[in-house]
Amino acid sequence: MNTTPQPDPRDRPARLTVGVVGAGRVGPALAASLQLAGHRPVAVSAVSDASRRRAGEMLPDVPVVPPAEVLERSELVLLTVPDDALPELVTGLAETGAVRPGQLLVHTSGRYGAKVLDPALPAGALPLALHPAMTFTGTPVDVQRLAGCSFGVTAPDELRLAAEALVIEMGGEPEWIAEENRPLYHAALALGANHLVTLVAQSLELLRTAGVGAPDRMLGPLLGAALDNALRSGDAALTGPVARGDAGTVAAHVAELRKHAPGTVAGYLAMARATADRALAHGLLKPELAEPLLGVLAGPSDAAGGTPGETT
């Protein structure tokens, strides 16, 4: 066993000074990860009490300063603000002269590519779009989760190596996304990750209503297996009453949801229709069973009452 004392990362020669504009859940985690790779966080901007606490926990001893001062101190700037705020932020920083020649401007928005940083190019900024395909908690565990995380990367060709290097230093895997494909790329991630949280939360609530004492313990193995099967096999992993064409079971589901959780009916019907379409297209749902099933799914999706397929 090697007992030689290992150098503290803070004692290694820093290659880049790092600043963070927007101490939400993402920025401090990425800065902390870059710190482990030998870079040196020097400034962070934070507005709310929660973001200030987060910055203090994730980046201790790093001063909280206004955004313009973050840029003044930093060679690499992480712009980690909400998507809708990003264009105005970039324009404002450029117009006030805060951007310096040769400064790396890195945003983490999934929606935008590198072009959103164009207002800063006349000042000599180097634009990078590095979006970690990961959900963040705003705690130190996020740094560990970056190991093996894919990053959606968009950058000019001449900055390709720099972008890849930064992602790899944070423990991630670069995945190149064309500028014009960024909105579709982000929609795909939102469809899978964000909607999954909603579906799981609804399922937990319904199980509690059904009298299940530990719904999380019940769902954990089931959902873990379903996710693993889906990633391995795609549509071939489809199971359940929709894929089997059990119209009566689906009708009973909808009736119970109308009674106990009417707000979930529209989502159930929409997902069931999409599942039926995919199962039919891939030969899992027999055509002779599809017609009665689709009849059930064509019922009213509002919470006004009635049973599937009935007219009122």
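Treat the numbers as computed from the prediction; the structure is a model and nothing was measured.
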To the nearest 0.5 Å, atom NE2 of H131 lies from atom CZ of R111 at 12.5 Å
Residue from V77, L105, V70, L79 passing side-chain contact (heavy atoms from CB on, under 4.5 Å) with L93:
L79
With a 3.5 Å distance limit and no angle check, can you tell me whether D142 reaches the backbone of T137 through a side-chain donor-acceptor pair?
yes
In short, V250 meets P241 closest at the heavy-atom pair CG2-CB, 4.1 Å
So the ring-ring contact (aromatic ring centres under 6.0 Å, His included) pairs with at least one residue in residues 62-110 (sequence neighbours excluded) are none
Contact summary for V62 and A43, nearest pair of heavy atoms
CG1-N, 3.4 Å
For a 4.5 angstrom cut-off between non-hydrogen side-chain atoms, does M58 reach V44?
no
Check whether R258 reaches the backbone of V265 with its side chain - one donor and one acceptor, N or O, closer than 3.5 Å.
no
Should R208 and E205 count as an ion pair when the cut-off is N to O under 4.0 Å?
no
Closest non-hydrogen atom pair between A32 and V143, with its separation:
CB-CG2, 3.9 Å
Counting only heavy atoms not in R244, do more than 12 fall under 6.0 Å of its CZ?
yes
Decide if atom CZ of R73 counts as having more than 12 heavy atoms of other residues, nucleotides or ligands within a radius under 6.0 Å.
yes
Does the side chain of E173 come under 3.5 Å of the side chain of S150 through a donor N or O and an acceptor N or O?
no
Find out if a path of hydrophobic residues (ILVMFWY) with successive side-chain heavy-atom gaps under 4.5 Å connects V64 to L78.
yes
Is there a path of hydrophobic side-chain contacts, each under 4.5 Å between heavy atoms of I/L/V/M/F/W/Y residues, joining Y185 to M134?
no
Taking 4.0 angstrom as the limit, do E57 and R53 come out as a salt bridge?
no
Return the minimal non-hydrogen interatomic distance between S45 and G22, and the atom names on each side.
OG-N, 3.1 Å
Would you check, one step at a time, whether the test side chain to side chain contact (heavy atoms under 4.5 Å, CB included) holds for V200 with L204?
CA-CA 6 Å; V200 173; L204 288 168; 4.2 Å; yes
Indicate yes or no for a side-chain donor-acceptor contact from T275 to the backbone of M271 under 3.5 Å, with no hydrogens or angles considered.
yes
Could you state the interatomic distance from CZ (R40) to OG1 (T17), rounded to the nearest 0.5 Å?
6.5 Å
Nearest atoms (heavy-atom pairs only) where L130 meets A163
CD2-CB, 4.0 Å
Is there a donor-acceptor pair under 3.5 Å between the side chain of R160 and the backbone N or O of W176?
no
Straight-line distance of T209 OG1 to L257 CG, nearest 0.5 Å:
10.5 Å
Residues, nucleotides or ligands: over 12 heavy atoms within 6.0 Å of E291 CD:
no
Under the salt bridge (charged side-chain N to carboxylate O under 4.0 Å, His left out) test, which residues partner R232, sequence neighbours left out?
D228
According to a 4.5 Å side-chain heavy-atom criterion applied to Ile, Leu, Val, Met, Phe, Trp and Tyr, with indirect links allowed, do L71 and L86 form part of one hydrophobic cluster?
yes
Could you give all pairs that pass the ring-ring contact (aromatic ring centres under 6.0 Å, His included) test and reach residues 268-287, with sequence neighbours left out?
H253-Y268
Any donor-acceptor pair under 3.5 Å linking the side chain of T154 with the backbone of E179?
no
So do the side chains of L146 and F151 get within less than 4.5 Å of each other, counting heavy atoms only?
yes
Between L219 and S203, is there a side-chain heavy-atom distance shorter than 4.5 Å?
yes
More than 12 non-hydrogen atoms from neighbouring residues, nucleotides or ligands closer than 6.0 Å to CD on E180, yes or no?
yes
Under 3.5 Å, side chain of N229 to main-chain N/O of A225, donor-acceptor pair present?
yes
Salt bridge check: are K115 and D118 linked by an N-O gap of less than 4.0 Å?
yes
Can you tell me if D84 has over 12 outside heavy atoms packed within less than 6.0 Å of its CG?
no
With a 4.5 Å heavy-atom cut-off, do L166 and E169 have their side chains touching?
yes
In the structure I gave you, are the side-chain heavy atoms of P156 and P127 within less than 4.5 Å of one another anywhere?
yes
Rounded to the nearest 0.5 Å, what separates atom CE in M218 from atom CG in L207?
6.0 Å
Could you see if V212 belongs to whatever hydrophobic cluster contains L223? Use Ile, Leu, Val, Met, Phe, Trp, Tyr and a side-chain cutoff under 4.5 Å.
yes
Any side-chain to backbone donor/acceptor pair from R100 onto E72? Under 3.5 Å, distance only.
yes
So if you build clusters from Ile, Leu, Val, Met, Phe, Trp, Tyr with side-chain heavy-atom gaps below 4.5 Å, do L284 and V296 land together?
no
State, with a plain yes or no, whether a side-chain heavy atom of H186 is found less than 4.5 Å away from one of Y112.
no
Please find the pair of heavy atoms, one from R145 and one from T135, that lie closest to each other, and give the distance.
NH1-O, 4.0 Å
Side chains of S74 and V18, heavy atoms from C-beta outward: is any pair under 4.5 Å?
no
Kindly indicate whether the side chain of L30, heavy atoms from C-beta on, has any atom under 4.5 Å from the side chain of M170.
yes
Rounded to the nearest 0.5 Å, what's the gap from CG on L34 to CG on L76? Could you check?
6.0 Å
To the closest 0.5 Å, what do you measure between CG (L294) and CZ (R273)?
9.5 Å
